[in-house]
Amino acid sequence: MSNNFSKFKVIRVTPTLDTSAYANGDILFDTTEIPDAVLGNGGCSKLVSVAITNKQGDVTPMTMYFQQTARGMGTANAAMDVSAGNTVHAKQLGYIHCPSDNWADMGSTCLFNAKIAENDSSLPLMLQAKDDSTSVYFFASIGGAETFADGDLTFVFGIEVQ
């Protein structure tokens with residue numbers, strides 16, 4: 001049974017993935033919505049945790065990039081080459097690097113958990129929505145060669161809302 005008194009929420013997002021082989025540095029998926037990441041249009045919240053479930057089963061380093069708008073940042077499964085104009089219009093909020101050593105290998109599934117480590121953390125990260133929205137957006141690049149099935153990755157965002 002839930003209540004309306006918690007200042008925390010967990011939002012799960014499963015982006016659409018290309019099923020062809022990715023190369024190191026490719027965009028894993030283009031801009032994807034994190035719905036209701038803030039309370040009220042134009043609100044701000046604090047991203048306090050990130051976990052990723054990888055059903056493909058390999059430890060996969062990647063970097064997540066967060067932005068205020070739904071501006072596309074490139075083509076999935078192509079080399080990342082984000083223009084300065086896209087960066088400005090996307091209103092970038094920050095990034096979180098997901099290195100290999102932060103993944104737990106569970107056999108046929110792997111689980112990433114962002115850690116707050118000295119000189120190596122982007123958490124907490126402030127999330128700001130556009131004036132007419134309660135959503136923020138993210139995309140990711142991959143740090144190695146991999147092949148996924150659509151639905152292999154689920155991102156779990158722990159958000160503190162006020």
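As a basis for the values below, the full set of heavy atoms in this structure was taken, side chains included, without hydrogen atoms, waters or symmetry mates.
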When rounded to the nearest 0.5 angstrom, what is the spacing between [atom1] in [X] and [atom2] in [Y]?
{"X": "Ile11", "Y": "Phe155", "atom1": "CD1", "atom2": "CZ", "value": "14.5 Å"}
{"X": "Thr31", "Y": "Phe66", "atom1": "OG1", "atom2": "CZ", "value": "12.0 Å"}
{"X": "Leu111", "Y": "Lys55", "atom1": "CG", "atom2": "NZ", "value": "13.0 Å"}
{"X": "Ser45", "Y": "Ile34", "atom1": "OG", "atom2": "CD1", "value": "9.0 Å"}
{"X": "Ile142", "Y": "Phe29", "atom1": "CD1", "atom2": "CZ", "value": "10.5 Å"}
{"X": "Phe8", "Y": "Lys46", "atom1": "CZ", "atom2": "NZ", "value": "8.0 Å"}

So, using side-chain hydrogen bond (donor to acceptor under 3.5 Å, both in side chains) as the criterion, who are the partners of [X] when residues are at least two apart?
{"X": "Gln128", "value": "none"}
{"X": "Thr63", "value": "His97"}
{"X": "Lys7", "value": "Glu160"}
{"X": "Asp58", "value": "Gln56"}

Flag, side chain of [X] to backbone of [Y], donor-acceptor distance under 3.5 Å:
{"X": "Thr32", "Y": "Asp30", "result": "yes"}
{"X": "Asp26", "Y": "Ala23", "result": "yes"}
{"X": "Asn77", "Y": "Ala21", "result": "yes"}
{"X": "Asp150", "Y": "Leu17", "result": "yes"}
{"X": "Gln67", "Y": "Thr69", "result": "yes"}

Legend entry - Contact summary for Ala129 and Gln68, nearest pair of heavy atoms: O-NE2, 3.0 Å

Legend entry - Minimum-distance pair of heavy atoms, taken over all atoms of Val48 and Pro124: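 Closest heavy-atom pair between Val48 and Pro124: CG1-CB, 4.5 Å.
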
If you group Ile, Leu, Val, Met, Phe, Trp and Tyr by side-chain heavy-atom gaps below 4.5 Å, do [X] and [Y] land in one group?
{"X": "Phe112", "Y": "Val156", "answer": "no"}
{"X": "Val59", "Y": "Leu28", "answer": "yes"}
{"X": "Leu125", "Y": "Val161", "answer": "yes"}
{"X": "Leu127", "Y": "Met73", "answer": "no"}
{"X": "Met64", "Y": "Tyr95", "answer": "no"}

Inset, instruction - Kindly check if the number of other-residue, nucleotide or ligand heavy atoms within 6.0 Å of CG (Asp131) is above 12? - result: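 No, not enclosed.
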
Any side-chain heavy atom of [X] within less than 4.5 Å of one from [Y]?
{"X": "Val13", "Y": "Phe157", "answer": "yes"}
{"X": "Leu47", "Y": "Ile96", "answer": "yes"}
{"X": "Ile52", "Y": "Leu153", "answer": "yes"}
{"X": "Asn54", "Y": "Phe148", "answer": "yes"}
{"X": "Pro61", "Y": "Ser100", "answer": "yes"}

Legend entry - Residue pairs involving residues 79-91 (criterion side chain to side chain donor-acceptor pair (under 3.5 Å); sequence neighbours excluded):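 Qualifying pairs, neighbours excluded: Arg71-Asn86.
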
Under 3.5 Å, side-chain donor or acceptor atoms of residues 133-141 against the rest of the protein: list the pairs with distances, not counting sequence neighbours.
residue: Ser133; atom: OG; partner: Ser135; partner atom: N; Å: 2.9
residue: Thr134; atom: OG1; partner: Asp36; partner atom: OD1; Å: 3.1
residue: Ser135; atom: OG; partner: Glu33; partner atom: OE2; Å: 2.5

Legend entry - Pair Thr154-Thr53, side-chain donor/acceptor within less than 3.5 Å: no

Inset, instruction - Dump the intermediate steps for side-chain contact (heavy atoms from CB on, under 4.5 Å) on Asn113 and Trp103, then the final yes or no. - result: CA-CA 7 Å; Asn113 195 37; Trp103 287 86; over 6 Å; no

